[in-house]
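Notes follow once the structure below has been shown.
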Amino acid sequence: RQTIIIVGAGQAGAQLAASLRQEGYVGDVVLYGDEPGLPYQRPPLSKTYMKEGNPDRLLLRGESFFEDNDIELHSGTKIASIDRPAKKVVLENGSRRRYDHLVLATGATNRTLPIPGIDLDGVLELRTLAHAEDIRGRIAEARQVAIIGGGFIGLEFAAMARGLGAEVAVFEMGDRVMARAVAPETSAYFEDFHRSIGVDLHLQTGVSEIIDAGDGKVGGLILSDGRRVEADLVLVAAGVVASDGLGREAGLPVENGIIVDDVLQTADPSISAIGDCAAFTHPLGEGRMRIESVQNATDQARTVAARLAKGHSDDGHPPYSGFPWFWSDQADRKLQIAGLTAGADERVVRHNERGGFLVHCFRDGRYIGLETVNAPGDHLMARRLLAAGIELDRATLEEADFDLKSFKD
Ligand code: FAD
C-alpha cells in the first residue's frame with residue numbers, strides 16, 4: 001500500500017487530502033498540521049469572524065469527513081524535518097513515518113518587523129485562529145488601533161475595527177495601499193473609501209518604534225518622520241514569508257518559496273509543494289511567483305491530487321494552469337480580481353450602472369485581467385472570458401454603453 005504524506009493541514013493540504021479520495025486514490029493519506037483542531041478557512045478571520053466569533057463556521061470539513069474518507073489527520077503535530085534518502089518525515093518527538101510521495105503545503109507566516117517594542121503586550125498579528133481569538137479578546141476594549149501595513153489584511157482589519165467603533169489608523173510605507181497586488185486606480189478607490197469611513201490613513205509612513213506605556217503594554221508608535229501617535233492595540237500586517245524552511249533544510253531548491261516545476265513537483269520527484277509555500281511559473285504570469293490565495297491553494301491541490309492518483313511517475317501530466325482570481329471584503333466593498341493584473345501597463349476605468357467600479361488591465365496591448373469593486377457579475381464574466389482565452393480589446397471597452405455582462409463572443 002502506498003502512502004502520501006501531506007505536511008500542513010490548511011487550505012491546500014485539506015483540499016489535497018479530500019481531492020485524492022475524490023480522484024479514487026486508495027493508498028494511505030496522512031495529513032499533519034501543527035495547529036490544533038480541524039482545518040479551517042483563514043479569510044473570515046480578518047472579515048466577519050471578529051464580530052461573529054463562531055469557529056465552527058470556519059471549518060473546511062466537518063469532523064466526520066476525515067474518518068469517513070479514511071484520511072489520517074494528525075492535528076497539533078509539527079514535522080521537524082525530512083529524511084529524503086529514507087523517504088521519511090521526522091516528527092518533533094523523533095518518530096518517523098515513511099512516504100511514497102510527500103506534499104509540502106506549509107503555507108506562510110507573517111513577516112515580523114525588526115523594531116524596538118515589537119514584543120510588547122498588545123502588539124498582535126493575524127494569520128491563525130489562535131491569533132484571531134487573541135485579538136477578539138482585546139478589540140472590544142481597544143480605543144486606538146494602529147495597523148502597520150496597508151495590504152489586504154491590514155485594510156480588512158481596519159474596516160472591521162472601525163465597524164466595532166474603534167479609532168483606527170493605518171501606516172503604510174509605500175505611496176499607495178495594496179500596491180503589490182492592485183492597479184493604482186484601485187488603490188486610490190480604497191484610500192478614499194477608508195478615509196470616508198474614518199480610517200486615519202498615512203501613506204509613505206513607516207513605524208520605527210513601538211512605545212511601552214510603562215507597564216509592558218503598548219502605548220503608541222514613533223513614526224519614521226519622528227511623530228508620536230497613541231495606540232493601545234497594534235496589528236502588524238506587513239506581509240508574509242513563505243514557510244519553506246522544511247524544504248530548504250532538506251536541500252530542495254528554495255527562493256521565496258519551494259521551487260516547483262509546471263506540474264508542481266520539486267527537484268525531488270517524490271516531493272511536491274502547493275499553496276502559499278510554492279514558487280512556480282504560471283502560464284499567464286511573468287517569471288516565478290507565489291500566489292497567496294484560496295483559489296491557488298485549492299486548484300494546486302486538485303492538480304496534484306489528479307497527478308498522484310494516476311501514479312505520479314507517469315509522464316504527460318498537464319501543467320498547472322488554474323485561472324487566478326481573488327477577493328477581499330473591506331466593510332461593504334467587495335474587491336475582486338480576475339487574472340494576474342499586477343503587471344498591467346495600461347488600464348481602462350469604468351463604472352457600471354449598478355454602482356460598481358471596474359479597472360480593466362492590459363499588458364503589451366493584451367487584456368490580462370479585471371479588478372472590480374461591488375461588481376460580482378462583471379468579475380464572473382471576466383473570469384469566464386479570460387479563462388477561455390477570449391480577448392477583449394480596448395476599443396470595445398471604451399464604448400460608452402459597453403457592459404461586460406452583455407458581452408457575447
Ligand atoms: P495555510 O492555509 O496557511 O496552511 C498551512 C498550514 O501548514 C498551517 O496550518 C501551518 O501552521 C501548517 N504548517 C506549517 N509548517 C508545518 C510543519 N512543519 N508541520 C506541520 N504543519 C505545518 N485568500 C483569498 O483568496 N481571499 C481572501 O479574502 C483571503 N483573506 C485572508 C485573510 C487572512 C487573515 C489570511 C491569514 C489569509 C487570507 N487569504 C485570503 C489567504 C489564504 O487564506 C491563503 O492563501 C491560504 O490559506 C493558503 O493555503 P495554504 O494551505 O497554502 O496555507
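Computed from a predicted model, the values in this text were never measured in an experiment. In listed order, ligands and their atoms are each counted from 1.
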*Measure from atom 45 (O) of ligand 1 to every heavy atom in Leu31, Asp276, Ile82, Val89 and give the option owning the shortest one.*
Asp276

_Out of all atoms in ligand 1, which are within 4.0 Å of some heavy atom of Gly107? Include the element for each._
3 (O), 5 (C), 52 (O), 53 (O)

*To the nearest 0.1 Å, how far is atom 12 (C) of ligand 1 from its closest protein heavy atom, and which atom is that?*
Asp34 OD1, 3.3 Å

_Per-atom contacts, ligand 1 versus Val7 - under 4.0 Å to a heavy atom_ = 17 (C), 19 (N), 20 (C)

*Of Lys334, Arg354, Arg350, which meets salt bridge (charged side-chain N to carboxylate O under 4.0 Å, His left out) against Asp378?*
Arg354

*Among Ala9, Pro39, Pro43, whose heavy atom sits nearest atom 38 (C) of ligand 1?*
Pro43

*For the residue pair Phe190 and Phe193, does the interplanar ring angle fall in the parallel (under 30°), tilted (30 to 60°) or perpendicular (over 60°) class?*
perpendicular

*Could you tell me whether Arg127 approaches ligand 1 through its side chain, its backbone, both or neither, with non-hydrogen atoms closer than 4.0 Å?*
both

*Tell me: protein heavy atom nearest atom 43 (O) of ligand 1, and distance?*
Arg42 CB, 3.5 Å

_Give me the residue, atom name and distance of the protein heavy atom closest to atom 18 (N) of ligand 1._
Ile79 O, 3.0 Å

_Contact list for residues 130-140, test side chain to side chain donor-acceptor pair (under 3.5 Å), sequence neighbours left out_ = Tyr49-Glu133, Asp121-Arg138, Glu125-His131, Thr128-His131, Asp134-Arg138

*When the ring planes of Phe362 and Tyr367 are compared, do they come out parallel, tilted or perpendicular, using 30° and 60° as the limits?*
perpendicular

_Checking side-chain polar atoms at under 3.5 Å, does Ser95 have a donor or acceptor matched by the opposite partner on Asn93?_
yes

*Are side-chain N/O atoms of Glu371 and Thr341 paired as donor and acceptor at under 3.5 Å?*
yes

*Do the side-chain N and O atoms of Ser328 and Gln330 include a donor-acceptor pair separated by under 3.5 angstrom?*
yes

*Under 4.0 Å from a heavy atom of Glu292: give me the atoms of ligand 1 that qualify, with their elements.*
45 (O)

*Mind checking salt bridge (charged side-chain N to carboxylate O under 4.0 Å, His left out) for Arg394 and listing every partner two or more places apart, or none if nothing turns up?*
Glu346, Glu398

*So between Glu35, Gln41, Glu156, Lys47, whose heavy atom ends up nearest atom 30 (N) of ligand 1?*
Lys47

_Taking 4.0 Å as the limit for heavy-atom contacts, which would you say applies to Trp327 with ligand 1: side chain only, backbone only, both, or neither?_
both

*Would you mind checking which non-hydrogen protein atom is closest to atom 15 (N) of ligand 1, with the distance to 0.1 Å?*
Thr106 CG2, 3.5 Å

*Of all the non-hydrogen atoms in the protein, which one sits nearest to atom 4 (O) of ligand 1, and at what distance?*
Gly10 CA, 3.3 Å

_Regarding Tyr40 and Glu35, do their side chains bring together a donor and an acceptor under 3.5 Å, going by distance alone?_
yes

*Close-contact set for ligand 1 against Ala105 heavy atoms, below 4.0 Å*: 5 (C), 6 (C), 7 (O)

*What protein heavy atom sits nearest atom 7 (O) of ligand 1, and how far away is it?*
Gly8 CA, 3.1 Å

*Does Thr128 come within less than 4.0 Å of ligand 1, judged by its heavy atoms?*
no

*Using a distance-only test with no angle check, is there a side-chain donor-acceptor pair under 3.5 angstrom linking Thr298 and Gln15?*
no

*Go through ligand 1 atom by atom and flag the ones less than 4.0 Å from a non-hydrogen atom of Thr77.*
20 (C)

*Please report which non-hydrogen protein atom sits nearest to atom 35 (C) of ligand 1, along with the residue it belongs to and the distance in Å to one decimal place.*
Ile153 CD1, 3.5 Å

*asked:* Considering non-hydrogen atoms of the protein only, which is the closest contact for atom 49 (O) of ligand 1, and what is the distance?
replied: Gln11 CB, 3.4 Å

*Taking distance alone, with no angle check, do Val294 and ligand 1 share an N/O pair under 3.5 Å?*
yes

*So, Thr3 and Arg97: side-chain donor and acceptor under 3.5 Å apart, yes or no?*
no

*With only distance considered, is Ser293 within less than 3.5 Å of ligand 1 through an N or O on each side?*
yes

*asked:* Pair Val177, Val182 - check side-chain contact (heavy atoms from CB on, under 4.5 Å), show working.
replied: CA-CA 9 Å; Val177 297; Val182 302; over 6 Å; no

*Would you mind telling me if ligand 1 is within reach of the side chain of Asn296, the backbone, both or neither, using heavy atoms under 4.0 Å?*
neither

